[in-house]
Peer 1: 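Let me give you the structure first, and then I'll get to my questions.
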Amino acid sequence: MSLLATKPVERIIAEAQETGEHTLKRALTGLDLTFLGVGAIIGTGIFVLTGQAAAKHAGPAVIVSMILAGIVSALAAFCYAEFASTVPISGSAYAYGYATLGEFVAWIIGWDLILEYAFGAATVAVGWSGYVVSFLRDFGVEFPVMFRAAPGTEFVHLPAAIAAQLNEAKTIAVDPGWNIVNDALKAELTKIGHSISHFPVEKSVFNLPGFLIAVFVTLLLVKGIKESANFNTAIVIVKTSVVVLFIVAGIGFINTENFTPFIPPQRVDSLGNPIFGAFGWSGVLTGAAVIFFAYIGFDAVSTAAQEAKNPQRDMPIGILGSLAICTVLYVLVSFVMVGVVSYTQLNVPAPIAEAINAARIRAEGTFFESILSAMPFIIKLGAVVGLSSTMVVMVMGQPRIFYSMSKDGLLPEWAAKVHPKFRTPYVTTIITGAIVAIMAGFVRIDILGELVSIGTLFAFVIVSLGVIIMRYTHPDVERPFKVPLSPAFPILSALASAYLMNGLPLDTWMRLILWMSVGMVIYFAYSYKHSHLAFLSSEEAKVKIPEGKVPVSPIVGVILLIALTFWQFAFTNQPAMQRIVETSIRLFLWLTLGVMVYFLTYGRKQLTSYARDQRVALYGLIASLVNLAVWIGVAYWFWEHYAELHGGIR
């Protein structure tokens with residue numbers, strides 16, 4: 001069955017060792033890779049999504065969400081480190097999936113990773129925009145509201161007297177002039193006898209700063225990987241210093257009342273039914289899943305394997321080292337942030353600036369007032385330059401995955417073109433940059449962040465199970481780094497990632513499945529027929545059936561994923577219809593993955609040919625089109641009944 005054909009590991013390693021002007025330039029050391037990881041990790045999670053997760057999901061318990069996300073990341077990082085040292089080629093989870101789970105699953109992963117990197121870069125661009133607007137305001141430059149944020153985002157213009165009155169209560173911090181409308185602001189205005197309608201209100205139509213930074217980063221990456229890495233290293237030093245400065249400056253102004261209640265009560269709908277993800281423990285879980293996207297820096301490191309000088313040694317160093325450094329900083333920053341300012345006012349693009357502003361107001365009349373008055377400028381400057389380096393790593397990752405897919409024939413050959421002078425995949429870099437710029441200009445940050453998280457977590461589940469399968473299918477391949485306690489450790493990693501993935505909202509799952517369904521249509525319409533596996537030499541095309549007992553552990557892992565989903569959703573006190581929908585949609589994905597895992601273990605002997613069968617292409621295209629039509633129908637039903645399933649919330 002050619003759908004399950006795996007790319008020979010020997011061929012992958014040979015491609016990684018190719019040289020010449022049409023190959024990627026090897027210029028990165030272990031330190032460069034570590035800084036690339038830190039550059040990606042310390043960014044949106046600290047400067048943007050921490051506030052989103054606290055305000056909408058976890059409250060002060062966002063600290064616990066950070067720890068949960070860090071643990072899941074650490075488990076997955078070990079699996080990535082083994083693959084990156086064994087299969088040192090650009091493409092990250094896509095390349096690993098091609099070597100273990102087969103071409104079809106590899107395509108699904110590659111398509112999924114667009115959510116991770118391209119949408120991830122767009123999320124960072126939106127956060128960068130929020131800090132730039134706030135930064136310019138400090139210099140008396142009021143950026144036009146029309147071009148500040150995604151279409152439909154509301155801003156209200158507050159007079160200086162009203163802003164001062166709101167700040168007196170020290171429960172929220174606002175500036176004279178334009179402020180984003182959120183629930184906390186509405187509540188505080190009501191307390192002083194006003195409402196949003198009493199003041200000028202405008203809506204944005206386009207996020208111009210986010211669009212422009214995406215264009216700048218794209219041009220930088222076309223220029224060269226080493227130049228981009230040097231830029232990133234300098235910025236990482238600056239923004240790490242800013243993060244430490246925030247922790248030191250803010251810790252003295254923590255208001256312990258902001259930690260109560262530590263886990264806010266779960267919200268209920270009009271009928272008294274709990275709303276999943278709206279505070280309570282489910283909110284802590286959802287918060288972890290939302291901010292998890294910020295930990296994908298180590299994953300981005302693995303996309304640069306073909307540009308590392310010594311990938312077998314340096315990839316594990318870069319992956320594990322960057323994650324260890326950043327997890328500690330993440331937890332400390334979230335602790336200070338929700339301690340200094342109430343979580344209710346953190347649903348803004350620049351939450352750290354909001355926290356510093358609240359600390360400054362609290363310090364009025366004290367020695368620290370002048371020090372904290374300078375902090376917003378320093379923090380905003382650090383965030384502006386810091387998020388730039390995060391975008392560099394994100395936008396760097398996506399073109400290299402496209403490059404690998406094109407080299408394998410799954411995308412058109414022009415996507416693998418390398419610039420003759422700069423030795424970078426410039427065509428796919430420009431395409432990626434265009435996608436990122438458009439998304440940053442038009443899409444809200446909360447939707448982008450959730451899509452990135454679910455795409456990342458899904459890739460982590462597949463990579464974790466892939467470690468076990470590859471040890472069975474390729475037991476003799478050299479592994480400079482090995483995951484300890486296999487298969488228990490990889491299964492635990494898959495379960496941890498699935499646990500957070502299940503915690504994401506159902507509408508995010510719908511978007512993931514629809515995105516994957518579109519990817520399946522493209523695979524059978526183009527990629528299956530153009531795959532280079534059909535042109536392997538007779539020696540390479542010999543299917544090697546592994547000897548020995550087939551491992552049961554990958555199947556056990558999938559069964560545990562299914563059991564975990566039942567435990568999380570099937571026996572809750574939610575309405576029956578909601579439980580059925582929540583459980584069924586998630587089970588569809590896990591059962592589909594289980595079928596693939598079964599064929600790659602117990603059914604592997606059916607893998608008899610790398611040849612392309614036109615009937616498979618035709619029937620696959622028909623089936624994928626039917627599948628897409630079905631899921632469009634399910635999505636339509638879901639959105640029509642959204643209010644019913646979410647307690648009247650639309």
Side-chain angles (χ1 to χ4, degrees), residues 1-4 93-94 97-98 101-120 122 398 401-402 405 410-412 435 439 443 447-448 450-462 497-498 501-502 504-531 558 561-562 565 580-600 615-642 645:
M1 186 185 295
S2 52
L3 283 178
L4 303 179
Y94 160 76
Y98 215 162
L101 299 177
E103 181 178 278
F104 179 68
V105 180
W107 166 264
I108 292 297
I109 295 173
W111 187 252
D112 169 56
L113 289 177
I114 297 174
L115 291 180
E116 180 174 344
Y117 292 113
F119 284 42
Q398 184 63 64
I401 293 171
F402 283 151
M405 296 174 77
L410 304 186
L411 290 177
I435 294 171
M439 296 295 292
V443 184
I447 294 176
L448 286 170
E450 289 171 359
L451 280 171
V452 174
S453 290
I454 200 166
T456 306
L457 288 163
F458 185 44
F460 283 8
V461 171
I462 295 175
S497 297
M501 192 173 168
N502 282 341
L504 285 164
L506 194 58
D507 51 328
T508 304
W509 277 77
M510 292 296 304
R511 293 184 182 102
L512 172 68
I513 293 174
L514 284 170
W515 178 259
M516 291 300 163
S517 298
V518 172
M520 288 174 61
V521 173
I522 295 174
Y523 174 76
F524 285 108
Y526 178 88
S527 304
Y528 177 81
K529 294 180 286 188
H530 293 83
S531 171
V558 174
L561 292 178
I562 294 170
T565 304
I580 292 171
V581 174
E582 294 271 7
T583 306
S584 300
I585 288 178
R586 290 169 171 85
L587 285 180
F588 170 80
L589 191 63
W590 301 136
L591 288 171
T592 302
L593 179 62
V595 171
M596 293 295 176
V597 170
Y598 172 81
F599 276 109
L600 284 160
R615 290 175 301 175
V616 172
L618 177 62
Y619 297 153
L621 181 59
I622 293 172
S624 60
L625 286 170
V626 170
N627 174 75
L628 178 60
V630 168
W631 279 106
I632 289 175
V634 171
Y636 176 79
W637 176 90
F638 173 78
W639 287 109
E640 283 294 306
H641 294 80
Y642 188 90
L645 292 171

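Along the sequence shown, residues carry numbers from 1. The structure presented is a predicted model; accordingly, all values stated were derived computationally and were not measured.
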Peer 1: When rounded to the nearest 0.5 angstrom, what is the spacing between CG in Leu587 and CG in Leu561?
Peer 2: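 The CG atom of Leu587 sits 10.5 Å away from the CG atom of Leu561.
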Peer 1: Considering non-hydrogen atoms only, spot the tightest contact between Ser584 and Ile580 and give its length.
Peer 2: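 That would be OG-O, 2.7 Å.
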Peer 1: Decide yes or no for Phe458 and Leu589: does some side-chain heavy atom of the first lie under 4.5 Å from some side-chain heavy atom of the second?
Peer 2: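 SC-SC contact between Phe458 and Leu589 confirmed.
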Peer 1: List for me each residue that meets side-chain hydrogen bond (donor to acceptor under 3.5 Å, both in side chains) alongside Ser497, sequence neighbours excluded, and say none if there are none.
Peer 2: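 For Ser497, no residue satisfies side-chain hydrogen bond (donor to acceptor under 3.5 Å, both in side chains) once neighbours in sequence are set aside.
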Peer 1: Closer than 3.5 angstrom, by distance alone: can the side chain of Trp509 be matched with the main-chain N or O of Met501 as a donor-acceptor pair?
Peer 2: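 At least one qualifying donor-acceptor pair exists.
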Peer 1: Check Met439 against Ala122 and note the closest heavy-atom contact, atom names and distance.
Peer 2: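 For Met439 versus Ala122, the nearest heavy atoms are CB-CB, 3.6 Å.
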Peer 1: Check whether any side-chain heavy atom of Leu591 sits under 4.5 Å from a side-chain heavy atom of Val595, and report yes or no.
Peer 2: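 Contact flag for Leu591/Val595 side chains = no.
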Peer 1: So do the side chains of Met520 and Ile108 get within less than 4.5 Å of each other, counting heavy atoms only?
Peer 2: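 Met520 reaches Ile108 side chain to side chain.
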Peer 1: Starting from the C-alpha separation in whole Å, work towards a yes-or-no answer on side-chain contact (heavy atoms from CB on, under 4.5 Å) for Phe524 and Phe104.
Peer 2: CA-CA 9 Å; Phe524 285 108; Phe104 179 68; 3.9 Å; yes
Peer 1: Under a 4.5 Å cut-off applied to non-hydrogen side-chain atoms, are Ile513 and Val634 in contact?
Peer 2: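 No, their side chains stay 4.5 Å or more apart.
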Peer 1: Could you pull out the closest heavy-atom pair between Ser624 and Val521, with the gap in Å?
Peer 2: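 Minimum heavy-atom separation between Ser624 and Val521: OG-CA, 3.6 Å.
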Peer 1: Minimum heavy-atom separation for Asp112 to Gly455, with atom names?
Peer 2: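 Looking at all heavy atoms of both residues, the closest pair is OD2-O, 2.7 Å.
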Peer 1: To the nearest 0.5 angstrom, please state how far the CE atom of Met596 sits from the CD1 atom of Ile462.
Peer 2: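 Here the interatomic distance stands at 9.5 Å.
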Peer 1: Does any part of the side chain of Tyr98, heavy atoms only, come nearer than 4.5 Å to the side chain of Leu410, both counted from C-beta?
Peer 2: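 Side-chain contact under 4.5 Å: yes.
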Peer 1: Give a yes or no on whether the backbone of Tyr528 and the side-chain of Ser531 come within a donor-acceptor separation of less than 3.5 Å.
Peer 2: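 No; judged by distance alone, with no hydrogens or angles, the pair does not exist.
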Peer 1: To the nearest 0.5 Å, what is the distance between CE on Met510 and CD1 on Ile632?
Peer 2: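 Rounded to the nearest 0.5 Å, the CE-CD1 separation comes out at 10.0 Å.
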Peer 1: Can you tell me how far the OG1 atom of Thr565 sits from the CG atom of Asn502, to the nearest 0.5 Å?
Peer 2: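 Atom-to-atom, Thr565:OG1 and Asn502:CG are 4.0 Å apart.
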Peer 1: Work out which heavy atom in Ile454 is nearest to a heavy atom in Leu451; give both atom names and the distance.
Peer 2: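 What the structure gives for the nearest pair is CG2-O, 3.3 Å.
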Peer 1: For Gly594 and Val558, work out which heavy atoms get closest and say how close.
Peer 2: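 Looks like CA-CG1, 3.5 Å.
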Peer 1: Roughly how far apart are Lys529 NZ and Leu621 CG, rounded to 0.5 Å?
Peer 2: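 Spacing of NZ (Lys529) from CG (Leu621) equals 7.5 Å.
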Peer 1: Got a second to check how far Ser517's OG is from Leu625's CG, nearest 0.5 Å?
Peer 2: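 Ser517 OG to Leu625 CG: 10.5 Å, rounded to 0.5 Å.
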Peer 1: I'd like to check the ring-ring contact (aromatic ring centres under 6.0 Å, His included) partners of Tyr619; sequence neighbours left out, ordered by chain and number.
Peer 2: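 Checked Tyr619 against ring-ring contact (aromatic ring centres under 6.0 Å, His included); zero matches.
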Peer 1: Can you name the ring-ring contact (aromatic ring centres under 6.0 Å, His included) partners of Trp111, sequence neighbours left out?
Peer 2: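 By the ring-ring contact (aromatic ring centres under 6.0 Å, His included) rule, Trp111 matches Trp107, Trp515.
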